[in-house]
Amino acid sequence: MSEEKSLNFIEEIIEADLESGKYTSVLTRFPPEPNGYLHIGHAKSICLNFGLALKYGGATNLRFDDTNPVKEETEYVDSIKEDVNWLGFTWAKELYASDYFEQLHGFAVTLIQKGLAYVDDADADEIASLKGSPTEAGKDSPYRNRTKEENLELFSGMKEGRYPDGSKVLRAKIDMAANNMHMRDPIIYRIKHAHHHRTGDKWCIYPMYDFAHGQSDSIENITHSICTLEFIPHRELYDWLIEQLEIFPSKQYEFARLNMTYTVMSKRKLLQLVEEGYVQSWDDPRMPTISGMRRRGFTAESIRNFCDRIGVAKRENLIDVSLLEFCVREDLNKLASRVMAVLDPVKLIITNYPDGQSEALISENGPDESYGTRMVPFSKELWIEREDFMEEPAKKWFRLAPGAVVRLKSAFIVKCESFIKDTKGNVTEIHGTYYPESKSGDDTTGFKVKGTIHWVSAAHALQAEVRLYDRLFKVENPSQEEGDFKDYINPDSLQVIPNAYVEPSLKDVGVSTNYQFIRLGYFCVDKETTPEKLVFNRTVSLKDAWAKEAKKG
RNA sequence: UGGGUUAUAGUGUAAUGGUAGCACUACAGAUUUUGAUUCUGUCCGUCUAGGUUCGAAUCCUAGUAACCCAACCA
């Protein structure tokens with residue numbers, strides 16, 4: 001009696017296709033161009049394509065759409081494979097559109113032989129001007145009526161490298177007056193004397209997207225070819241080519257791409273951020289790239305859950321990043337061990353605790369026994385969070401203040417007796433006394449304290465660099481603002497704390513392990529951590545009810 | 001101004017002629033040795049105007065708004 005989850009529109013199509021017997025199984029594909037790193041928008045597509053195959057017992061190919069050699073690189077191929085894998089998906093076949101160059105060339109020859117394609121000598125500007133406009137029909141190219149023989153000869157010359165880049169193209173012969181601009185004799189092959197990351201210098205003509213994508217789908221017998229909304233106008237051409245070529249009829253379906261608040265989601269813009277140094281790399285933890293989010297400490301599980309929750313439909317959307325943060329906290333809450341770290345330290349001296357003494361206290365690693373426990377050293381001098389002390393306590397303040405009492409997590413109850421300030425008025429030391437009978441788990445005092453704060457023993461603490469990340473942009477939708485999207489970058493998206501203190505149990509941590517720094521947030525070990533220097537990334541803060549309360553004034 | 005696509009709480013997404021539901025957010029409360037988690041509750045919605053129907057988010061008509069299309073990019 002599981003609750004039936006409603007189907008998205010693509011699932012409805014698939015179920016209808018399966019039921020009618022049109023197909024007996026589904027084959028999808030994820031078709032990235034290897035010209036950039038994958039981002040959370042791709043994750044939506046990956047989860048959709050692979051998820052559909054998983055749900056309906058089919059398979060998914062990973063196919064690189066590598067038809068433009070000047071933009072594509074092996075580095076990107078490698079990162080894409082790593083990201084898809086990390087997200088938890090396994091492709092049936094690793095394929096490349098370039099694997100089909102020979103067949104694709106054959107298809108082009110077929111089209112010419114059928115009188116459905118011609119070689120055009122016009123240059124880019126001429127072709128564009130003859131194309132007309134959305135409200136105005138195009139005009140035929142003067143080369144449109146060449147004979148099949150002439151076209152065959154010319155196309156063969158193109159292939160053999162007899163012509164320079166841009167001097168000729170092969171166009172499908174469809175309808176220069178079509179309402180759909182993509183049907184006005186689209187270019188299907190162009191000359192590029194460029195080195196291809198896989199085929200090397202074998203080719204100097206390359207198919208355009210429209211003459212590669214659908215044909216590759218068809219060659220692979222893809223049943224449901226799922227892409228984003230902006231390809232809707234391409235579908236007519238997609239179907240036309242398959243029909244004229246008389247090949248396997250793959251079908252294209254379009255869904256709305258993901259947009260998310262406070263970030264940008266185009267490879268072009270992300271590339272700019274990297275190249276112009278607004279972020280340090282594609283995997284900068286502020287980036288919405290999969291590698292950036294991974295480095296930031298997001299889990300694959302949480303990203304999959306997010307993609308599940310945002311749904312699949314055809315309307316434009318702008319997802320609130322707080323949903324992603326919710327998914328991340330939800331998963332990390334289950335899996336992260338709790339430890340103590342102090343980011344903005346101020347010293348707390350327990351005046352009635354013996355000098356030079358220390359003791360190991362048992363602390364739970366999580367909310368229940370399954371997380372286990374660890375030992376944490378306690379001593380006379382502790383670091384606590386500056387923010388946890390208020391000289392003149394606000395209303396509803398549960399933390400430290402002159403005369404106030406708090407529990408030190410997993411340790412003792414302390415009472416603040418006094419504090420010292422420097423000449424600038426900054427608190428430099430807080431003095432307090434502790435109640436020896438109030439030891440955590442063994443408290444016989446009967447005191448009820450409202451607040452519990454975290455701490456680390458000054459003598460035992462480890463120094464660490466902690467990097468706090470905030471949203472990359474100051475506005476919800478930077479792409480829709482006036483002017484350049486880069487004008488809206490948040491200058492405070494990265495705050496580095498060079499000398500935070502963390503408890504000694506973190507001495508030999510493994511890169512990318514997730515922790516909860518109690519009361520502060522989820523953090524993970526950055527790849528730049530060395531035996532000499534610990535580096536943590538804040539994945540996401542904890543929800544902070546006090547911050548809200550404080551804002552009210 | 002041609003063609004295409006889409007309109008349901010603040011944000012997403014269901015309801016396929018029959019009680020407008022779910023999640024996030026926001027707000028309020030309970031529990032809490034994390035002001036976390038957990039739990040409970042509250043606010044808020046069918047683009048507009050007509051029509052068909054016992055009954056319309058859903059069907060019809062006319063509007064309106066948003067997005068996409070004129071790269072030898074994908």
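FYI, side chains are in, hydrogens and waters are out, and symmetry mates aren't considered; it's all heavy atoms of this structure. A, B, ... follow the sequence lines: proteins, then strands. Residue 1 opens every chain.
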Atom-to-atom span, [atom1] of [X] to [atom2] of [N] - whole angstrom:
X	N	atom1	atom2	answer
Y371(A)	U33(B)	OH	P	18 Å
I191(A)	C72(B)	CD1	P	14 Å
Y118(A)	C72(B)	OH	P	13 Å
R309(A)	G21(B)	CZ	P	21 Å
R329(A)	U37(B)	CZ	C1'	12 Å
R184(A)	G2(B)	CZ	C1'	9 Å
F9(A)	U8(B)	CZ	P	16 Å
L408(A)	U34(B)	CG	P	13 Å

Residues, nucleotides or ligands: over 12 heavy atoms within 6.0 Å of [X] [atom1]:
X	atom1	value
L7(A)	CG	yes
K396(A)	NZ	no
K139(A)	NZ	no
K450(A)	NZ	no
E301(A)	CD	yes

Euclidean distance for [atom1], [N] against [M] (whole angstrom):
N	M	atom1	value
G4(B)	C44(B)	P	40 Å
U46(B)	A9(B)	C1'	10 Å
C22(B)	C60(B)	P	29 Å
U5(B)	G41(B)	P	43 Å
C54(B)	U48(B)	P	24 Å
A7(B)	A57(B)	C1'	11 Å
A49(B)	U64(B)	P	15 Å
U53(B)	U58(B)	P	16 Å

From S216(A) atom OG to Y209(A) atom OH, the distance as rounded to the nearest 0.5 Å: 10.0 Å
Distance in Å, T299(A) OG1 paired with N514(A) CG, rounded so as to fall on 0.5 Å steps: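 Nearest 0.5 Å value for the OG1-CG distance: 7.0 Å.
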Which part of the nucleic acid, if any, lies within contact of [X], taking any heavy atom under 4.0 Å across all strands shown: a base, the sugar-phosphate backbone alone, or nothing?
X	value
F326(A)	sugar-phosphate
T261(A)	nothing
A177(A)	nothing
N179(A)	base
D123(A)	base
A124(A)	base
G441(A)	base
L318(A)	sugar-phosphate
I518(A)	base
F231(A)	base
D65(A)	sugar-phosphate
I310(A)	sugar-phosphate
V312(A)	sugar-phosphate

Between [X] and [N], is there a side-chain N or O to OP1/OP2 distance below 4.0 Å?
X	N	result
R315(A)	U13(B)	yes
S133(A)	G2(B)	no
R190(A)	C73(B)	yes
K192(A)	C73(B)	yes
K548(A)	C27(B)	yes
K450(A)	U33(B)	no

Test log, rule side-chain contact (heavy atoms from CB on, under 4.5 Å), inputs I205(A) and H105(A): CA-CA 9 Å; I205(A) 55 170; H105(A) 174 264; 4.0 Å; yes
Cation-pi geometry met for K192(A) and Y206(A) (6.0 Å, 45°): no
No-H, no-angle donor-acceptor pair, [X] side chain to [N] base, under 3.5 Å:
X	N	value
S440(A)	U33(B)	yes
Q516(A)	U34(B)	yes
H234(A)	A74(B)	yes
R399(A)	G35(B)	yes

Closest to the [X] side chain: [options]?
X	options	answer
R338(A)	C72(B), U34(B), C68(B)	U34(B)
L323(A)	G35(B), A23(B), A14(B)	A23(B)
N317(A)	U34(B), U13(B), U5(B)	U13(B)
N8(A)	A74(B), C72(B), A14(B)	A14(B)
L542(A)	G35(B), A36(B), A74(B)	A36(B)
E72(A)	U6(B), A74(B), U25(B)	A74(B)
P367(A)	G35(B), U33(B), U34(B)	U34(B)

Paired stretches of RNA chain B - 3 or more consecutive Watson-Crick or G-U pairs, each distance under 3.5 Å: B:2-7 with B:64-69, B:10-13 with B:21-24, B:26-30 with B:38-42, B:47-51 with B:59-63
Donor-acceptor side-chain pairing of R338(A) and H454(A) below 3.5 angstrom: no
D185(A)-Y118(A) side chain donor-acceptor pair, cut-off 3.5 Å: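 There is such a pair (donor and acceptor under 3.5 Å, judged by atom type) between the side chains of D185(A) and Y118(A).
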Pair D210(A)-H234(A), side-chain contact (heavy atoms from CB on, under 4.5 Å): steps then yes or no: CA-CA 7 Å; D210(A) 286 303; H234(A) 294 251; 2.7 Å; yes
